[in-house]
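Below: the structure, in structure tokens.
All values derive from a computational prediction rather than experimental measurement. Note that ligands are numbered from 1 as they come in the structure, with each ligand's atoms numbered from 1 the same way. Computed from heavy atoms alone, side chains included, the values below leave out hydrogens, waters and symmetry copies.
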Amino acid sequence: MPQRPYIVGNWKMNGTRAMLSEARAIDRAAQRHMKVEVAVAPPYTLLHAVHREAAQIAVGAQDCHPGEEGAHTGDISATMLADAGAKFVILGHSERRMGHGESNELVRTKAEAALDAGMRVIMCCGETEETRNSGKATGFVLDQLRASLPEQVENPLESIAIAYEPVWAIGTGKAATVQDIGEMHGAIRTLLIDLYGEEQGIEIRILYGGSVNPENARELLGADEVGGALIGGASLTADSFMGIALAAGEIEDN
Ligand code: 13P
């Protein structure tokens, strides 16, 4: 039984309390689109407020510290996020790998902490334009994932999702092609089966991210092995975000 399409909004460093009305509108619309699993990762400052408003959507965070508590000024642990209502955490996003020097190993310890706290992990991966142009994108992404994903995972089908986000497609308006996505997701699928076994590995959702919008969503979400989308800019208004969710629901109808 295939899982529902998973449509996740990553608000990044956007949103003040004025955005709570968008979150409410997303939640209301999600109640009418139950064939799609809708989730939002607002900034930390809105996490608890969005969680309290949401009846249908899951709320998650965009990062966590690998430790549980202690003297880490400015950091937030997975346990604290779960306490604030987070059901998942996005980890290994290229904006953290590149902007904060996060290594695969650090990302893996964060993932272990998030799983221990009972949250789902959305593990991001993706190559730069330079790596793609050198023809090494697939090898790079598989190495990145192999080193970032925890090996021992209880029920990986429920607790892990992958987001393939080519760096050159993020925020550029230049999404990857259906063929490139299908090829990369196929390679990631093989890795997931290798890591987590056939039964669960075959169904873990692999999201595509990078310049997804309501106009291109149907085509991109229809690519081979795409189980949903991780959306940045187009997740900031309920109209465009739910336009993508609607497209995902229509694909499932086919
Ligand atoms: P955009 O949808 O703005 O390209 O961002 C994608 C992304 O980085 C989501 O995590």
Side-chain angles (χ1 to χ4, degrees), residues 5-15 19 22-23 26 36-44 46-47 50 57-64 81 86-100 102 107 110-111 114 119-129 131-132 137 140-141 144-145 148 160-178 180-181 184-185 188 205-221 223 226-248:
Y6 191 28
I7 302 297
V8 184
N10 174 9
W11 284 6
K12 307 191 179 184
M13 196 172 72
N14 296 291
M19 280 279 282
E22 292 302 320
I26 289 169
V36 180
E37 188 174 346
V38 179
V40 170
Y44 293 133
L46 294 181
L47 192 60
V50 175
I57 61 172
V59 179
Q62 303 169 18
D63 184 39
C64 70
L81 294 172
K87 295 287 183 281
F88 68 94
V89 56
I90 297 168
L91 290 172
H93 194 286
S94 59
E95 286 155 14
R96 294 216 57 90
R97 292 179 185 271
M98 293 158 89
H100 296 263
E102 293 195 3
V107 171
K110 289 181 175 199
M119 287 189 289
R120 176 184 285 166
V121 168
I122 300 179
M123 179 61 71
C124 300
C125 59
E127 80 287 355
T128 61
E129 186 152 43
T131 303
R132 172 143 298 260
F140 174 86
V141 166
Q144 192 179 50
L145 273 181
S148 303
I160 302 267
I162 308 295
Y164 169 55
E165 301 203 306
V167 176
W168 45 270
I170 295 175
T172 58
K174 198 174 92 180
T177 65
V178 164
D180 287 343
I181 297 170
M184 187 64 81
H185 283 216
I188 294 172
R205 284 172 298 196
I206 309 171
L207 318 182
Y208 167 75
S211 297
V212 179
N213 60 46
E215 288 72 45
N216 64 17
R218 209 189 155 95
E219 187 190 7
L220 297 175
L221 285 157
V226 172
L230 182 56
I231 300 137
S235 71
L236 295 174
T237 67
D239 268 1
S240 60
F241 186 48
M242 293 313 291
I244 296 168
L246 196 66

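Between Ile231 atom CD1 and Leu207 atom CG the span is 8.5 Å, to the nearest 0.5 Å. For the atom pair Ile26 CD1 and Thr237 OG1, the distance stands at 7.5 Å (nearest 0.5 Å). A distance of 9.0 Å separates CG in Leu230 from OH in Tyr6, rounded to the nearest 0.5 Å. The distance from the CE atom of Met98 to the NE2 atom of His93 is 11.0 Å, given to the nearest 0.5 Å. To the nearest 0.5 Å, atom CD of residue Gln62 and atom CG of residue Leu47 are 9.5 Å apart.
You'll find the side chain of Leu91 reaches within 4.5 Å of the side chain of Cys64, heavy atoms only. For the pair Glu95 and Glu165, the minimum side-chain heavy-atom distance is 4.5 Å or more.
At a 3.5 angstrom cut-off on N or O pairs, Gly171 counts as close to ligand 1. For Gly209, no nitrogen or oxygen atom sits less than 3.5 Å from a nitrogen or oxygen atom of ligand 1, counting backbone and side chain alike. Below 3.5 Å of separation, one finds no N or O of Thr172 facing any N or O of ligand 1. Considering backbone and side-chain N/O atoms, Lys12 comes within less than 3.5 Å of an N/O atom of ligand 1.
Using a 4.0 Å cut-off between charged nitrogen and carboxylate oxygen, Glu37 and Arg120 count as a salt-bridge pair.
When only non-hydrogen protein atoms are considered, atom 9 (C) of ligand 1 lies nearest to Glu165 OE2, 2.9 Å. In terms of protein heavy-atom proximity, atom 2 (O) of ligand 1 is closest to Gly232 N, 2.9 Å.
Using 4.0 Å as the threshold, Ala234 has no heavy atom nearer than that to any atom of ligand 1.
Per-residue contacts place Gly233 under 4.0 angstrom from the following atoms of ligand 1 (heavy atoms of the residue considered): 1 (P), 2 (O), 3 (O). Close contacts of ligand 1 with Ser211, meaning ligand atoms under 4.0 Å from a residue heavy atom, involve 1 (P), 2 (O), 4 (O). Heavy-atom proximity to Leu230, at under 4.0 Å, picks out these atoms of ligand 1: 9 (C), 10 (O).
Only the side chain of Asn10 comes within 4.0 Å of ligand 1, counting heavy atoms alone; its backbone N, CA, C and O stay farther away.
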